[in-house]
Amino acid sequence: MLVTIHKDQSVTVEDRGRGIPVDFHAEEKKSALEVVMTVLHAGGKFDKNSYKVSGGLHGVGVSVVNALSEMLKVEVRRDGKIYFQEYHQGDAKAPVKQIGTYKGDATGTKITFKPDHEIFKVTKFQFDTVAERLRELAYLNKEVTMVLKDEAEDQEEPINLRAD
């Protein structure tokens, strides 16, 4: 996983997972991606065959980040296609759209967000605080390597903690 703090204090989190599903969600009448990004408890983390450890709280993680962000962009690489959707203060600006294709097995999700300055008094990320949280997550997810980059401070730290 790569986490980048940008000069404008937006943050990008990029993983190499399966990619958030983008199929049409019949009950919600919109993409499963938009449901995950906007509806509390919509994640699949509690399916016994899915994730063993959740970094969020009862499936609310990314939808809460979205709701508290002035801007959030999500790109999903899945099934040979690249999908994109953008949000403003938690609301989709447009439906999910396919923006390209790729070859190989480079699946995953890339999310860039900027905290909403109307909600938070301080929107500057502290490298040490983010690094400590990533170390905690790395401990819970033994096979994950995390890299934190801070473009504003020109810092980079590979966080490769294994609990074995």
Side-chain angles (χ1 to χ4, degrees), residues 1-6 8-116 125 130 133-134 136-149 151 156 158-162:
M1 178 187 316
L2 174 62
V3 178
T4 305
I5 302 170
H6 301 286
D8 68 353
Q9 289 301 300
S10 64
V11 172
T12 298
V13 179
E14 190 169 359
D15 71 34
R16 295 184 186 142
R18 293 176 290 190
I20 298 171
V22 295
D23 302 339
F24 185 75
H25 191 287
E27 188 176 314
E28 296 289 334
K29 301 195 181 358
K30 54 184 146 186
S31 163
L33 174 60
E34 188 171 341
V35 173
V36 167
M37 298 302 296
T38 60
V39 178
L40 294 177
H41 310 288
K45 292 185 180 179
F46 298 98
D47 172 354
K48 66 181 178 182
N49 298 318
S50 293
Y51 305 95
K52 293 181 181 174
V53 177
S54 171
L57 177 63
H58 306 295
V60 300
V62 75
S63 57
V64 171
V65 170
N66 188 20
L68 299 176
S69 297
E70 68 180 59
M71 170 280 298
L72 185 142
K73 296 177 183 179
V74 60
E75 182 179 297
V76 175
R77 291 175 169 261
R78 187 180 173 99
D79 303 323
K81 298 175 182 170
I82 304 168
Y83 301 91
F84 176 83
Q85 190 169 35
E86 186 172 357
Y87 300 85
H88 176 73
Q89 295 178 319
D91 294 323
K93 292 179 80 173
V96 174
K97 64 181 173 182
Q98 182 184 335
I99 61 169
T101 60
Y102 67 93
K103 295 194 184 303
D105 58 357
T107 60
T109 303
K110 178 171 137 179
I111 295 177
T112 301
F113 68 95
K114 188 170 186 178
D116 192 335
F125 287 91
V130 177
R133 179 63 179 136
L134 291 179
E136 292 167 359
L137 289 171
Y139 182 80
L140 294 172
N141 298 277
K142 295 191 295 188
E143 301 303 317
V144 175
T145 299
M146 299 187 190
V147 175
L148 172 61
K149 290 176 64 174
E151 294 175 343
E156 182 172 331
I159 300 167
N160 187 3
L161 182 61
R162 305 246 189 259

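Computation of the quantities below employed the complete heavy-atom set of this structure, encompassing side-chain atoms and omitting hydrogens, waters and symmetry-equivalent molecules. This structure is a prediction, so every number in the text was calculated from the model and none was measured.
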Can you tell me how far [atom2] of [Y] sits from [atom1] of [X], rounded to the nearest 0.5 angstrom?
X	Y	atom1	atom2	answer
Asp91	Glu86	CG	CD	12.5 Å
Ile82	Lys110	CD1	NZ	10.0 Å
Met71	Lys73	CE	NZ	5.5 Å
Leu148	Thr4	CG	OG1	8.0 Å
Leu72	Gln89	CG	CD	12.0 Å
Ser63	Glu34	OG	CD	12.5 Å

Quick one about His6 and Thr12 (side-chain donor to acceptor, distance below 3.5 Å, no hydrogens or angles considered), yes or no?
yes

Does [Y] offer a backbone N or O that forms a donor-acceptor pair with the side chain of [X] under 3.5 Å?
X	Y	value
Asp79	Lys81	no
His88	Lys93	no
Lys149	Val3	no
Asn66	Met37	yes
Asp15	Thr109	yes

Can you confirm whether [X] sits close enough to [Y] that some side-chain heavy atom of one is under 4.5 Å from a side-chain heavy atom of the other?
X	Y	value
Tyr83	Ser31	no
Val11	Phe113	yes
Ile5	Glu151	no

For Gln85 and Tyr87, run side-chain hydrogen bond (donor to acceptor under 3.5 Å, both in side chains): C-alpha distance rounded to whole Å, both residues' side-chain angles, the deciding distance at 0.1 Å, then the answer.
CA-CA 7 Å; Gln85 190 169 35; Tyr87 300 85; 2.3 Å; yes

Closest heavy-atom pair and its distance - Ile20, Arg78:
O-CD, 3.7 Å

Taking all non-hydrogen atoms of both residues into account, name the closest pair between Tyr102 and Arg77 and its distance.
CB-NH1, 3.4 Å

Working note: Thr112 + Glu14, criterion side chain to side chain contact (heavy atoms under 4.5 Å, CB included); need CA distance, chi angles, decisive distance, verdict.
CA-CA 9 Å; Thr112 301; Glu14 190 169 359; over 6 Å; no

Lys30 atom NZ, over 12 foreign heavy atoms within 6.0 Å
yes

Is there a side chain to side chain contact (heavy atoms under 4.5 Å, CB included) between Val74 and Val96? Walk through the geometry before answering.
CA-CA 9 Å; Val74 60; Val96 174; over 6 Å; no

